[in-house]
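Take a look at the structure below.
Just so we're on the same page: letters track the sequence lines, and every chain starts at 1.
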Number of protein chains: 2
Amino acid sequence: MTSPLYAQVKEHILEHIRSGAWTPGTRVPSENELVESFSISRMTANRALRELTADGFLSRVPGVGTFVKEPPARSSLLELRNIAEEIAARGHKHAAYIDRQETIDAPQALAEEFELRQPARLFHLMMVHTENGVPVQLEDRYVNPFVAPQFNDQDFADITPTAYLVAAVPVDELEHTVEAIMPTAEQRELLDIGEHEPCLALHRRSWSKGHVVTVATLIYPASRYALYSRYKTSPSGTLSQ
Amino acid sequence: MTSPLYAQVKEHILEHIRSGAWTPGTRVPSENELVESFSISRMTANRALRELTADGFLSRVPGVGTFVKEPPARSSLLELRNIAEEIAARGHKHAAYIDRQETIDAPQALAEEFELRQPARLFHLMMVHTENGVPVQLEDRYVNPFVAPQFNDQDFADITPTAYLVAAVPVDELEHTVEAIMPTAEQRELLDIGEHEPCLALHRRSWSKGHVVTVATLIYPASRYALYSRYKTSPSGTLSQ
DNA sequence: TGTATAAGGTTGTATATACAGTATAGTCGG
DNA sequence: CCGACTATACTGTATATACAACCTTATACA
């Protein structure tokens, strides 16, 4: 049940970074120092530091040391933003209507998305967010009860699911997929849109400590919403090709 | 000058995947088989396979073996990536068809997007990218001749516009807008899609030293492409609410 | 025939060791 | 005072070895 040693070292370093104790530019312990303090071999320390470097948290300089990296500038498209706040920031009125709130047995496809080995139950939530009374987002969300057991006890008229989850569970990894879809009849009805209007579907998965927290599909009517991001690129040029 | 052994093994496997010799689901050599054929230690083979797994090219099952993973047809949202490379990375064949390559007087709307004060001329390029002969992206691009004067001298059958611009001009800021659209009749024809198929439109502007380099609209048929990103969240917690 | 067991191959992790390449600090000599 | 050399620390790579966990297949047994 205990995690591998190299993972423990990674977690130890990540916690110092998350807590703010080690700010960007700070030097982290060298491999030999980790060998001493954790009583591990150098190869194990090397693996921890090498993987954190590949993940973008650290940068290493031969002969000098290992340092906390500057976090990259990222777009709002890729951040976990709360739609209620976005709408409020535009000076408009947000409201939500809950269509379904239930607990289900995970079907095969969902179990795979949640990286579950055994059959399990999942929270399911379907709701519509409106801006000044006009539906702008259909939220179809599944949540892992193992990670967020009290999710289904919340009243999502008061707090959005995103806001609750971000506050309740430390998210350390995100995956986004964006595609264009033609909504189903049920989705059209919930969003109150015409028959041939395409929609943007934002599919999001989030992880916390190796477990999938939630799988959400957010559907935006094309005429009412676009996703936007603008950011400075890092000076070293992370741009490939 | 020779690359490390583990990198050579990675490249060897990637070439088999890119060339199509090893299709998704194919079993790749086990660690012990790589040990024999490359005359390396098992730890070196392990590192090559482990890193390719982390990069999403392989999947491993303890006790069974290592297999080529199904490559999703999707494009990175975070980076400025070259579609020809993305397609090659999936082991597929990229080709491009140039529909229009010209120099125009900037109309009002474009002049504003380029933040031009005075009337100016712009390069205009319209081309279609295909994957195994199937159109997957319609690229409608305008380029500022002041920033990239030799843009129009390139042969974009050889080098994609993105690849040329990234190499020729240091990009320091990016703007992305994503929306779902119903394509026009002309766009449908170029992409060879049906009448009611929605598309993803990725609108991109890039800046270099305060000047707009290029304004591009990239249109993806919904059924053939999605946009994707996955990343570790910055430790300090840039997540808003 | 059906079931338990054993064997062998596979990945996953961990260690001890070795050597190369790089950067820095200090020392020695001019 | 400055330059060359040296010692030291750090990362990067590679090997040989070991054990655990997992899966499949073959074998032995009831």
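A donor-acceptor contact under 3.5 Å is not formed by the side chain of A/Arg47 with the base of C/dG12.
Residue A/Glu36 qualifies as open at atom CD: its count of foreign heavy atoms under 6.0 Å is 12 or below.
For the pair B/Arg60 CZ and D/dC23 P, the computed distance is 15 Å after rounding to whole Å. The CD atom of B/Glu33 sits 8 Å away from the P atom of C/dT11 (whole-angstrom rounding). The separation between B/Asn46 atom CG and D/dA16 atom C1' is 14 Å, rounded to whole Å. Between B/Leu49 atom CG and C/dT10 atom C1' the separation is 11 Å, expressed in whole Å. Atom pair A/Glu31:CD and D/dT13:C1' shows a separation of 11 Å (rounding to whole Å applied). Here D/dT13 presents its C1' atom at 12 Å from CD of B/Glu51, a figure rounded to the nearest Å. Atom pair B/Phe67:CZ and C/dT10:P shows a separation of 10 Å (rounding to whole Å applied). Note: CG (B/Leu58) to P (C/dT10) measures 16 Å, nearest angstrom.
Nearest-nucleotide positions on DNA chain C for A/Arg42 and A/Leu5 put A/Leu5 closer to the 5' end. Taking for each of B/Ala7 and A/Val28 the nucleotide of DNA chain D with the nearest heavy atom, the 5'-most of the two is the partner of A/Val28. Closest-nucleotide positions on DNA chain C for B/Asn32 and B/Met43 were compared, and the one nearer the 5' end corresponds to B/Asn32.
Counting any heavy atom pair closer than 4.0 Å across all strands shown, A/Arg50 reaches no nucleic acid atom. Within the 4.0 angstrom heavy-atom criterion, only backbone atoms of the sugar-phosphate kind lie near B/Ile40; the bases stay farther away.
The pair B/Glu139-B/Arg204 does not meet the salt-bridge criterion, since no charged nitrogen lies less than 4.0 angstrom from a carboxylate oxygen. Ion pairing between a basic and an acidic side chain is recognised when a charged N comes within 4.0 Å of a carboxylate O; B/Arg224 and B/Glu131 show no such pairing.
The phosphate of C/dT11 has OP1 or OP2 within less than 4.0 Å of a side-chain N or O from B/Thr66. Contact annotation: A/Tyr6 side-chain N/O to C/dT13 OP1/OP2 distance is under 4.0 Å.
Among the nucleotides C/dA14, D/dA14, C/dG12, the one closest to the side chain of B/Pro62 is C/dG12. Listed candidates were C/dA14, C/dT10, D/dA14. Nearest to the side chain of B/Thr44 is D/dA14.
A/Asn46 and A/Arg42 share no donor-acceptor pair across their side chains, judged by distance under 3.5 Å alone.
A side-chain donor-acceptor contact under 3.5 Å links B/Gln154 to the backbone of B/Gln150.
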